[in-house]
Amino acid sequence: MLKAVNLSCSYDGDPLFAGLDLVVGDGDRIGLVGPNGAGKSTLLRVLGGELRPQSGSVTYGPDTRIGYVAQQMPDPDGTVGDFLTAGLGELAEVTRTMRELEHRLATAAGDQSSAGDDSRGRSEGSGSNESLGDNESPGDNGPGRSDSPGSNDSAAGNDGPGRSDGPGRNDRPKRSGVPGRNDSPADDKGPAGNEAITGMSLAGDGTPAAGNADEGADTADELLVRYGVVQERWTALEGWKAEARIAEIRQRLDIAHLPDELALWQVSGGEQARLLLARALLDEPDVLLLDEPTNHLDAEGMAWLQGWLKSYAGGVLTVSHDRAFLDAVVTRVLELDGIDTEVQDYPGGGYTAYRVEKQRRWERLLLDFEAQEKDRRRWEADIERTKEYSRGVENASGLGVAGPHLRRVARLVARKAKVRERRLRRQMESVRWIAHPRTRPPLTLAFPADQADPGEVVLRVRDLSVSAGDRLLLDGVELEVRRGDRILVTGRNGAGKTTLLRALASDDTAVLPQTTDGLRSKVTVMEFFRSRVPVYAEDAERLLLGHQFGPDQWDARLSSLSAGELRRLLLAVLVNSPARILLLDEPTNFLDLDALDVIEEALRRYRGTVVVVTHDRYFAEAIGFGRRWHVADGAVIES
């Protein structure tokens, strides 16, 4: 169980959230949504123990393990195999120790065998060259069959004098790496290995029996004792299942093609994100904190992840803007709206229920606010009339004998008006007073119109073949794209969809890449935008404002932006480019729900040419497509 009490956190002086109380227990499925930059990833890092909150506390239940999956791998170091097997937790260390002991036992057995051969050779050379004949009993030892220490060697037997293991071997330190494979020791040792373990002779205290004073034999026995203990723990952790678990998760998340020895820094951003997810799933923690887990997953991968999470017994808190994923997995939604520091709670459903309830609350808020303002204006008008009446009586002349009485009454009325005014002010300052409902500045997104005649061929591909290493991604592909076409590209991860878009790119196209690899640099937002959109500084400021980049972000470095903010910046460049052919590779990645609504509406209105790769079913249905390309086995099949 995970429990957060009164959490508060700020970024660069701006409060992100305050007074957050949250409990995540077994079976909980909680979605966390909100605009980019509102603090969702920061909240996950605080809950995962990577950041300290400014106030409040985060506590975990006894022996609770937390699995945190970030959007991106912070410092890729090591290899793919080591990174994944480290996700096995204690089992990774136990397996590594067992493999090391197996290696040392095999080395010891080889030394014994070599020593035995040398001893027998010396005995046969110095004896009478007699051998065991047909008339000799196997138990008789002639001169040529003397009992040399090497003649009874086994993996668990007594080491002969030929064994030269000294203290240096016995005191050898443990390696700190993690194993690259998790096969059962029986596969390496065979029956002989098992006999060596079960045939050990131990003293009453569990230590090797002192029946042999030979130092090498004691060392081998100690190795076998250690091996037996480690193997028991490996069995208790069900180590034989580890290799199958790794293989299944790698296949489902489409990272099976990555070799174990491949360095992490050589892996693409999308593959790094899937490796992070795979490692967390392998560890099977008690609480999973997921930051955009469906980014870079194809339809099959998303379906498998949804099924895995449904059967997962622990608690899940996930940041996601994948509407189908939220509907399928979560039963409660928390929202950081980027306006108020209070986290909004929407229990009882996924994305669809959240949007319905949010709209209901917004309409109720507007009605309550309007009723409050109407009542406030009535009070203020009544108070003002009372004051005017009092001032009129006080300043009136010719009242005669009734004048003093009327002025006293007027002063009483004036005091009553002041009392009512103070009461109204206290109400307006109370926590129950409804502030003016606020919304974030809207994202403006309008693709320039294409006035040319539809039907003209704008892109043509002939006999396109592309390989990646030894793998043929596209083989003899021939395609035509006409002006005004709206084409949806589908296929499994690794089939060649991104490769196809890159092949279609030219000076007449605008490309939105799938990842932000290589963009996180010291270049500022304004410098990046003007380097790709040739406009004056004043025009650039106006355009960036329309894409929710205020003056405080114009000089911000790209390395400091969130993934969603980088995505919006790329969209700003795309919209303001002169190209009329849009090539969009997973355009919904990292965008918040409000931005998704805007880009869907903009693409529905756009009358130019669009080629889109997406696995977002909501997005595809909202935009509408007239053609579909399915990439598989090196071919592009149109339907």
Side-chain angles (χ1 to χ4, degrees), residues 253-258 267-271 273-274 294-302 447 450 455-519 567 570-571 573-574 577 579-590 599 603 606 608-617 619-621 623-639:
L253 299 183
D254 196 38
I255 49 177
H257 63 283
L258 300 177
V267 177
S268 71
E271 290 167 333
R274 297 199 294 275
T294 60
N295 284 347
H296 314 295
L297 292 183
D298 57 23
E300 293 183 14
M302 283 189 283
F447 295 100
D450 188 355
E456 174 191 356
V457 176
V458 292
L459 287 175
R460 180 178 284 112
V461 175
R462 289 287 180 266
D463 197 24
L464 173 65
S465 297
V466 181
S467 298
D470 298 332
R471 186 181 176 195
L472 186 63
L473 295 177
L474 300 174
D475 184 14
V477 173
E478 298 194 359
L479 299 168
E480 281 189 352
V481 179
R482 298 183 179 275
R483 193 178 303 279
D485 280 349
R486 304 171 72 83
I487 304 173
L488 174 64
V489 183
T490 62
R492 296 192 60 184
N493 279 339
K497 304 184 299 297
T498 297
T499 301
L500 177 61
L501 286 197
R502 290 173 180 166
L504 294 177
S506 67
D507 294 337
D508 298 325
T509 62
V511 181
L512 180 68
Q514 180 179 157
T515 66
T516 56
D517 291 349
L519 284 183
R567 202 69 169 165
L570 290 175
L571 278 173
V573 172
L574 186 78
S577 72
R580 299 296 180 266
I581 304 171
L582 306 180
L583 306 178
L584 311 179
D585 196 353
E586 298 291 356
T588 62
N589 279 1
F590 307 113
I599 190 175
L603 287 173
Y606 182 56
T609 307
V610 184
V611 182
V612 180
V613 173
T614 185
H615 295 115
D616 190 323
R617 177 171 55 83
F619 183 78
E621 292 176 355
I623 293 176
F625 293 93
R627 300 174 63 185
R628 182 188 297 265
W629 292 346
H630 184 73
V631 183
D633 301 324
V636 179
I637 306 167
E638 181 161 1
S639 60

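Hydrogens, waters and symmetry mates are skipped; everything else that's a heavy atom, side chains included, is used. What you see is a predicted model; the values in this text were computed from it and never measured.
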Which pair of non-hydrogen atoms, one from [X] and one from [Y], has the smallest distance, and what is that distance?
{"X": "Arg460", "Y": "Val457", "answer": "NH2-CG1, 3.7 Å"}
{"X": "Gly634", "Y": "Val477", "answer": "O-CG2, 3.7 Å"}
{"X": "Leu501", "Y": "Leu583", "answer": "O-CD1, 3.7 Å"}
{"X": "Leu504", "Y": "Thr509", "answer": "O-CG2, 3.9 Å"}
{"X": "Val612", "Y": "Phe619", "answer": "CG1-CE2, 4.1 Å"}
{"X": "Asp463", "Y": "Gly476", "answer": "OD1-CA, 3.4 Å"}

Could you check whether any side-chain heavy atom of [X] comes within less than 4.5 Å of a side-chain heavy atom of [Y], counting everything from C-beta outward?
{"X": "Thr499", "Y": "Leu474", "result": "yes"}
{"X": "Val610", "Y": "Ile581", "result": "no"}
{"X": "Pro513", "Y": "Leu570", "result": "yes"}
{"X": "Trp629", "Y": "Leu488", "result": "no"}
{"X": "Leu584", "Y": "Val613", "result": "no"}
{"X": "Ser465", "Y": "Asp475", "result": "yes"}
{"X": "Val631", "Y": "Leu500", "result": "yes"}
{"X": "Asn589", "Y": "Arg567", "result": "yes"}

Roughly how far, to the nearest 0.5 Å, is [atom2] of [Y] from [atom1] of [X]?
{"X": "Arg627", "Y": "Ile487", "atom1": "CZ", "atom2": "CD1", "answer": "4.0 Å"}
{"X": "Leu512", "Y": "Leu574", "atom1": "CG", "atom2": "CG", "answer": "6.0 Å"}
{"X": "Asp298", "Y": "His615", "atom1": "CG", "atom2": "NE2", "answer": "5.0 Å"}
{"X": "Met302", "Y": "Asn295", "atom1": "CE", "atom2": "CG", "answer": "9.5 Å"}
{"X": "Thr614", "Y": "Asp585", "atom1": "OG1", "atom2": "CG", "answer": "9.5 Å"}

### Message
For Glu480 and Arg462: C-alpha separation, side-chain torsions, deciding distance, then whether salt bridge (charged side-chain N to carboxylate O under 4.0 Å, His left out) applies.
### Response
CA-CA 9 Å; Glu480 281 189 352; Arg462 289 287 180 266; 3.2 Å; yes
#### Entry: Side-chain donor or acceptor of Arg486 paired with backbone N/O of Leu603 under 3.5 Å
yes
### Message
For Thr609 and Asp485, which I'm curious about, is there any donor-acceptor pair between the side chains at under 3.5 Å?
### Response
no
Ignoring hydrogens and angles, write down the donor-acceptor pairs under 3.5 Å from the side chains of residues 489-497, residues two or more places apart or on other chains.
residue, atom, partner, partner atom, Å
Thr490, OG1, His630, ND1, 3.0
Arg492, NE, Glu300, OE1, 3.4
Asn493, ND2, His296, O, 2.8
Lys497, NZ, Gly491, O, 3.1
Lys497, NZ, Arg492, O, 2.9

### Query
Asp254 and Arg274: side chain to side chain contact (heavy atoms under 4.5 Å, CB included), yes or no, with the steps?
CA-CA 8 Å; Asp254 196 38; Arg274 297 199 294 275; 4.1 Å; yes
#### Entry: Residues in side chain to side chain donor-acceptor pair (under 3.5 Å) contact with Arg628, at least two apart in sequence or another chain
none
### Task
Given salt bridge (charged side-chain N to carboxylate O under 4.0 Å, His left out), test Arg482 with Glu456 step by step and report yes or no.
CA-CA 5 Å; Arg482 298 183 179 275; Glu456 174 191 356; over 6 Å; no
